Number of protein chains: 2
Amino acid sequence: MAQGQRTTIKDIAKECGVSLSTVSLVLNNNSRISEKTRNRVLASVKKHGYQPNIHARGLASQTSEVISVVVPHLNHVFADIYFGEIVSGIYDRACDDNYKVLLDVANSKFVESQEYINILKSRRVDGMLFIASSIEDDYLRAFEGSPYKFLLVNHFFPNSSLNFLGVDYRDSARQAADHLLGLGHRNIGVIAGTNTHTGLAFRDEFIARCRAAGLDEKAVLWEDGGRDWSQEGGFEATRKLFATNPAITAIMAGNDRMGIGAMRYIHTHNLKIPEDVSVMGVDDIPQAKFTTPGLTTIRHELYQMGRAACERLLALFRGDISTCHEVLPVKLIVRESTGPAKT
Amino acid sequence: MAQGQRTTIKDIAKECGVSLSTVSLVLNNNSRISEKTRNRVLASVKKHGYQPNIHARGLASQTSEVISVVVPHLNHVFADIYFGEIVSGIYDRACDDNYKVLLDVANSKFVESQEYINILKSRRVDGMLFIASSIEDDYLRAFEGSPYKFLLVNHFFPNSSLNFLGVDYRDSARQAADHLLGLGHRNIGVIAGTNTHTGLAFRDEFIARCRAAGLDEKAVLWEDGGRDWSQEGGFEATRKLFATNPAITAIMAGNDRMGIGAMRYIHTHNLKIPEDVSVMGVDDIPQAKFTTPGLTTIRHELYQMGRAACERLLALFRGDISTCHEVLPVKLIVRESTGPAKT
DNA sequence: GTCCTCGGGTGAAACGTTCTACCTATAGCA
DNA sequence: TGCTATAGGTAGAACGTTTCACCCGAGGAC
């Protein structure tokens with residue numbers, strides 16, 4: 001295993017008495033080479049444990065077979081289940097096609113040094129999947145009309161032609177609103193994530209649906225859950241909502257974690273779920289099933305979304321498609337945290 | 001942004017009327033070049049948004065400035081908080097030195113095609129951090145005495161010289177045992193992760209400590225928590241433990257998730273924590289603080305471990321060190337899930 | 001016998017850097 | 001004057017592939 005010089009294509013060629021081209025063609029499964037020669041080459045390759053130099057290959061072929069996944073700059077972001085589920089989907093799909101996945105975090109260095117474009121210019125990666133989702137990430141508009149392969153995951157920019165794939169947040173909001181309204185709730189508090197366009201879309205559609213059902217401005221309040229959509233943020237937002245309207249009988253959280261924070265607030269104030277207050281989340285993370293009571297939520301198939309996003313990026317590489325603007329369906333999951341409104 | 005040919009060092013050289021070497025030296029901050037020329041070149045670089053081709057650079061310099069992080073083949077592994085915390089630490093440290101992080105999963109393809117070594121041979125990465133931790137990953141012993149830069153993270157092989165860095169699981173076990181014994185517990189159930197050497201070390205040291213305190217074989221039982229150390233596994237193991245010894249007053253879980261599963265089992269059987277049964281975990285994941293009651297645990301600084309592991313790998317690159325066998329300290333975190341044994 | 005085709009293979013340019021060895025002009029010094 | 005040192009810069013080999021254009025020989029068609 002320890003050797004001074006690594007084996008190169010030249011060594012293989014010499015040993016087999018063929019040209020470099022022949023070895024290269026064999027390695028790339030080109031049918032020009034006869035069975036006999038092919039086997040001789042392959043045997044030699046195996047014998048030496050030869051592996052093509054990735055840089056030489058990338059230089060000559062102008063591709064890297066690597067994709068970059070960009071996540072936002074949050075504390076310990078890779079420990080976040082939301083991003084983790086998506087990344088898992090991306091990885092698995094990429095792996096199927098022998099693509100590698102490179103990590104990137106959209107921190108200030110990444111933005112200021114324009115790493116987001118340099119990584120493509122330098123050919124380090126063939127394309128990017130951008131999960132980092134903030135309404136502030138406006139620099140991405142630079143990709144409009146660019147030749148680079150690029151896809152936003154569960155995130156979009158209004159009035160932009162950037163490729164994206166995500167779940168249908170507006171339908172999500174409608175299903176959630178209909179569920180709570182159907183249970184008779186007339187005083188609802190919304191905990192919104194306001195730093196993404198999808199979060200805003202969810203909030204606005206949810207409120208619009210409630211208004212359409214006859215709830216007035218005071219009957220459906222919203223509060224910001226904070227920029228990291230955390231349990232703590234949900235806890236705090238719930239406090240504020242109850243302070244403004246003590247008659248609230250349902251809390252709609254923009255994601256499950258904030259929903260769990262809301263449950264915690266409600267429990268610590270000796271209210272019963274769902275008898276006194278119903279709570280809903282969004283995403284259906286595994287934890288949602290294990291809360292007491294189980295959390296009613298709208299399932300967003302994050303893993304599948306990751307897979308699909310990666311699939312579309314690969315399709316862009318292949319030229320099978322040239323744009324992508326796609327939303328995936330969502331599904332209401334009723335558990336025990338929602339029930340008829342207290343009368 | 002859209003151009004036919006990307007700018008190369010040649011374009012810059014031509015525009016500035018200097019040689020390729022000069023441009024290259026400027027880009028690598030070599031002091032040979034005068035301030036004047038340097039500025040001229042840098043201006044041109046900036047103007048064209050020039051970025052060196054990563055493959056050309058890698059080919060010439062024989063490095064890639066990329067490290068690979070290998071995690072085990074679990075379902076949706078990147079959504080796992082344990083690995084997520086470590087990966088976050090690794091990423092942040094790598095980022096400080098402008099290294100990139102590539103993901104790998106130790107699935108059957110990875111093992112059978114010997115990707116673990118090919119990725120190094122092909123120069124795709126300069127080194128590897130192996131978080132994938134199973135006693136079955138014996139193929140890694142192939143790295144003993146190899147020239148490749150390689151480090152096991154929170155994982156070790158007995159009787160092996162492989163580099164590693166992790167926390168001190170034996171000390172962890174001693175602190176946990178002393179805490180429970182000190183509270184008067186004399187019937188203890190251990191939920192162990194048995195598919196890692198660290199998990200086995202924890203179990204064995206914990207039991208040894210209890211025996212040393214006078215507990216006999218029946219008084220300290222252990223049960224396997226399953227290969228993914230999950231909440232469900234902890235739940236099921238707890239059931240078995242109580243079936244064997246209904247007198248148990250304390251459960252020691254090999255990680256927090258299994259501990260949370262244990263708590264769930266205990267709650268659903270109308271026992272009180274800690275009045276009837278004390279429960280302890282290991283790791284101190286953020287969730288441990290939010291359980292009811294809060295989970296007593298041994299804090300393993302996973303993020304810091306990731307950072308440290310990456311730091312050591314970089315030190316191996318630089319040649320500052322040539323081996324690494326290091327354990328990090330752990331700390332008992334007492335919350336409300338443990339209390340005096342019921343008499 | 002000549003021309004075509006085609007299977008199987010080769011030669012060498014191209015990809016875009018890094019880096020060593022070398023060059024030149026000028027200054028300093030005895 | 002001749003010698004050395006040095007600052008500033010250059011030429012070109014090397015890195016290890018891919019791939020296009022080309023070659024050769026054999027078989028078939030006419």
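Proteins come first, then strands; the chains are lettered A, B, ... in the order of their sequence lines, and each starts at number 1. Nothing here was measured: the structure is a model prediction, and the numbers come from that model.
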**Message:** Counting only side-chain nitrogens and oxygens, does Q62(A) get under 4.0 Å of the OP1 or OP2 atom of dG16(C)?
**Reply:**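 Yes.
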
Using a strict 4.0 Å threshold on nitrogen-to-oxygen distance, state whether [X] and [Y] make a salt bridge.
X: D96(B); Y: R307(B); value: yes
X: R318(A); Y: E311(A); value: yes
X: E115(B); Y: R124(B); value: no

**Prompt:** V167(B) and N154(B): side-chain contact (heavy atoms from CB on, under 4.5 Å), yes or no, with the steps?
**Reply:** CA-CA 6 Å; V167(B) 299; N154(B) 213 20; 3.6 Å; yes

**Request:** Could you pull out all residues at least two apart from R312(B) that satisfy side-chain hydrogen bond (donor to acceptor under 3.5 Å, both in side chains)?
**Result:** E326(B)

Please list, pair by pair, any protein nitrogen or oxygen found under 3.5 Å from a nitrogen or oxygen in nucleotides 19-25 of chain C.
{"unit_1": "dC19(C)", "atom_1": "N4", "unit_2": "S21(B)", "atom_2": "OG", "d": "3.4"}

Rounded to whole angstroms, how far apart are [atom1] on [X] and [atom2] on [N]?
X: N53(B); N: dA14(C); atom1: CG; atom2: P; value: 17 Å
X: L59(B); N: dA13(D); atom1: CG; atom2: P; value: 16 Å
X: D11(A); N: dG16(D); atom1: CG; atom2: P; value: 9 Å
X: I12(B); N: dT17(C); atom1: CD1; atom2: C1'; value: 13 Å
X: N30(B); N: dT10(D); atom1: CG; atom2: C1'; value: 13 Å
X: R6(B); N: dT17(C); atom1: CZ; atom2: P; value: 12 Å
X: K10(A); N: dT18(D); atom1: NZ; atom2: C1'; value: 15 Å
X: Y50(A); N: dG16(D); atom1: OH; atom2: C1'; value: 7 Å

**Prompt:** Aromatic ring centroids of F83(B) and F78(B) under 6.0 Å?
**Reply:**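 Between F78(B) and F83(B), which both carry aromatic rings, the centre distance is not below 6.0 Å.
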
**Message:** Suppose we screen for side-chain contact (heavy atoms from CB on, under 4.5 Å). Which residues come up paired with E35(A), at least two apart in sequence or across chains?
**Reply:**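 side-chain contact (heavy atoms from CB on, under 4.5 Å) list for E35(A), sorted by chain: R38(A), N39(A).
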
**Request:** Among dG8(C), dT18(C), dT17(D), find the nucleotide with the atom closest to the side chain of I9(B).
**Result:**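 Among the listed nucleotides, the one closest to the side chain of I9(B) is dT18(C).
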
**Prompt:** Closest nucleotide of DNA chain D for A56(B) versus for V18(B): which of these residues is on the 5' side?
**Reply:**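 Mapping each residue to its closest nucleotide by heavy atoms, the 5'-most match is V18(B).
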
